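These notes are about the structure you will find just below.
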Amino acid sequence: RRSGVKIILAPRGMLGEGSLRIRKLKKLLFLKLSRVLGLYNGVVFHSTSVDEKNDIDEHFGKNTLIEFAPNLPGQFHGGRVVGSKVKESGRLKLVSVARIAPEKNLNYALELLKEVSGQVELNIYGSIYDHGYWKKCSGTIKSLPENIRVHKHEGVPHQELYSILGKHHFLILPSPGENFGHIVFEALSSGCPPIISDNTPWKELQKQSAGWSIPLNDKNSWISALNECVNMDQSRYDLISVATEEYAAKYLMETESLELTRKMFAIE
């Protein structure tokens with residue numbers, strides 16, 4: 001601050017209700033203390049959405065310096081050939097790509113699978129961030145019925161991600177909060193419809209026939225969506241997969257994220 005250099009702080013969703021729910025007391029005490037001490041006076045906060053702006057205002061006050069620029073979504077990787085991914089009714093391949101930690105809520109997804117019929121395979125890609133939480137997930141995996149198979153893989157380089165998404169029917173990510181959810185956009189652009197919580201910016205998936213965005217407290221809707229995915233045949237899957245790619249392409253065409261990000265970092 002004394003140097004006069006513009007300082008931009010990007011919360012990246014860490015002020016959201018879902019993120020603050022984990023170790024809540026410790027985080028709220030820090031936020032309260034930092035406000036009292038004026039720790040972030042003169043710092044510009046980077047807001048990527050209206051919800052994030054409201055979170056910043058709530059914890060740091062209405063006079064906080066905030067600049068808005070949506071997340072940079074990355075490149076579009078569409079162009080999947082219709083029918084190249086076989087989808088048989090009664091069979092489903094799910095993928096989870098996220099670090100293993102409570103804030104990604106993997107165990108919730110595993111518990112849901114106990115109520116799903118048909119032959120389901122879930123491949124989990126991600127490093128173990130919280131070993132205690134992974135132990136809990138492992139216990140749930142062992143309790144799953146025989147029709148559910150789960151495989152744990154290590155994290156993968158980003159360049160291999162689209163190939164992995166392209167081999168699965170749906171992405172599942174029941175996280176309690178995502179500032180943007182880059183993996184969601186990557187799944188969309190790969191024609192791999194996401195099944196996610198409604199605590200992300202991607203709230204119109206059902207309306208666009210591009211996946212599901214479901215409240216975490218509506219367990220029945222999660223189970224219903226998963227069973228619908230299991231029973232989906234090739235023709236229905238191809239329709240939703242193509243709609244998913246089209247939704248990603250439209251988002252990329254309409255977003256002003258690059259222009260606004262350049263403006264935010266411009267030296268006045």
Side-chain angles (χ1 to χ4, degrees), residues 13 18 48-51 70-89 91-98 104-105 108-109 112 116 120 122-123 125 158 161-216 218 220-257:
T48 61
S49 67
V50 173
D51 288 341
N71 280 281
L72 296 168
Q75 294 180 325
F76 178 67
H77 285 258
R80 186 181 70 82
V81 178
V82 172
S84 61
K85 194 188 305 184
V86 176
K87 178 65 180 76
E88 299 177 38
S89 179
R91 293 184 176 275
L92 178 65
K93 287 189 71 174
L94 293 171
V95 64
S96 169
V97 183
K104 296 302 178 182
N105 213 13
Y108 182 85
L112 291 171
V116 177
V120 180
L122 169 64
N123 285 296
Y125 290 87
H158 188 265
L161 188 57
Y162 292 99
S163 174
I164 289 170
L165 290 167
K167 295 175 183 176
H168 292 82
H169 299 126
F170 297 90
L171 169 81
I172 185 165
L173 182 66
S175 59
E178 293 289 336
N179 169 252
F180 180 72
H182 286 276
I183 186 59
V184 177
F185 177 80
E186 288 156 349
L188 289 166
S189 70
S190 301
C192 180
I195 310 169
I196 60 177
S197 79
D198 63 346
N199 298 318
T200 81
W202 308 99
K203 300 184 186 299
E204 297 188 352
L205 296 182
Q206 288 103 313
K207 183 179 178 181
Q208 302 296 327
S209 298
W212 286 263
S213 176
I214 310 171
L216 286 174
D218 190 356
N220 289 335
S221 291
W222 279 87
I223 294 170
S224 176
L226 287 167
N227 278 317
E228 182 179 344
C229 293
V230 172
N231 296 321
M232 198 174 290
D233 61 12
Q234 187 74 56
S235 59
R236 171 63 180 150
Y237 181 75
D238 284 339
L239 286 173
I240 192 173
S241 182
V242 169
T244 297
E245 284 192 6
E246 290 176 347
Y247 179 53
K250 181 182 178 183
Y251 176 86
L252 198 59
M253 186 180 300
E254 294 177 352
T255 183
E256 298 179 308
S257 57

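Here, residue 1 is the first one in the sequence, and each next residue gets the next number. Just so you know, these numbers come straight off a predicted model, no measurement behind them. Side chains included, hydrogens not; waters and symmetry mates left out as well; all remaining heavy atoms used.
When each of L161, L122, L171 is checked for a side chain to side chain contact (heavy atoms under 4.5 Å, CB included) with V95, only L171 meets the rule. Of the candidates H169, M232, E228, H169 is the only one forming a side chain to side chain contact (heavy atoms under 4.5 Å, CB included) with L92.
Looking only at distances, no side-chain donor or acceptor of Y125 sits under 3.5 Å from a matching main-chain atom of I164. Side chain of T244 to backbone of L188: no donor-acceptor contact under 3.5 angstrom is found. When atom types are taken as modelled, the side chain of E178 and the backbone of K104 share no donor-acceptor pair closer than 3.5 angstrom. Side chain of N105 to main chain of P176: no donor-acceptor pair is present (N/O by atom type, distance under 3.5 Å, no hydrogens or angles). Within the 3.5 Å criterion, the main-chain N or O of C192 finds no donor-acceptor partner in the side chain of S190. The closest donor-acceptor contact from the side chain of K87 to the backbone of C229 lies under 3.5 Å.
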Handout entry: Verdict with reasoning, L94 to F170, per side chain to side chain contact (heavy atoms under 4.5 Å, CB included)
Key = CA-CA 5 Å; L94 293 171; F170 297 90; 3.7 Å; yes
Handout entry: Verdict with reasoning, S89 to Y237, per side chain to side chain contact (heavy atoms under 4.5 Å, CB included)
Key = CA-CA 10 Å; S89 179; Y237 181 75; over 6 Å; no
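You'll find the side chain of S213 reaches within 4.5 Å of the side chain of Q206, heavy atoms only. Looking at heavy atoms from C-beta onward, L173 lies out of side-chain contact with T200 at the 4.5 angstrom threshold. Side-chain contact between W212 and L226 is absent, with no heavy-atom pair separated by less than 4.5 Å.
With sequence neighbours left out, the side-chain contact (heavy atoms from CB on, under 4.5 Å) criterion links S221 to I214, D218. W202 is linked by a ring pair (Phe, Tyr, Trp, His ring centres under 6.0 Å) to F180, Y251, counting only residues two or more places apart in sequence or in another chain.
Summarising the local packing, NZ of K167 is surrounded by 12 or fewer heavy atoms from other residues, nucleotides or ligands at distances under 6.0 Å.
The shortest heavy-atom contact between P174 and Y108 is CB-CD2, 3.7 Å. The shortest heavy-atom contact between S209 and A243 is O-CB, 3.4 Å. Closest non-hydrogen pair, A210 versus P194, comes out as O-CD, 3.3 Å. The two residues L216 and S175 come nearest to each other via the heavy atoms CD1-O, 4.0 Å. In this structure, D51 and K203 approach most closely via the heavy-atom pair OD2-CE, 4.4 Å. Of all the heavy atoms in Q234 and V86, the pair that sits closest is OE1-CA, 3.3 Å.
Distance check: H168 NE2 to N123 CG gives 3.5 Å after rounding to the nearest 0.5 Å. Atom CG of residue N220 and atom CG of residue L112 lie 10.0 Å apart, to the nearest 0.5 angstrom.
Side-chain atoms of D233 and S235 include a donor-acceptor pair closer than 3.5 Å.
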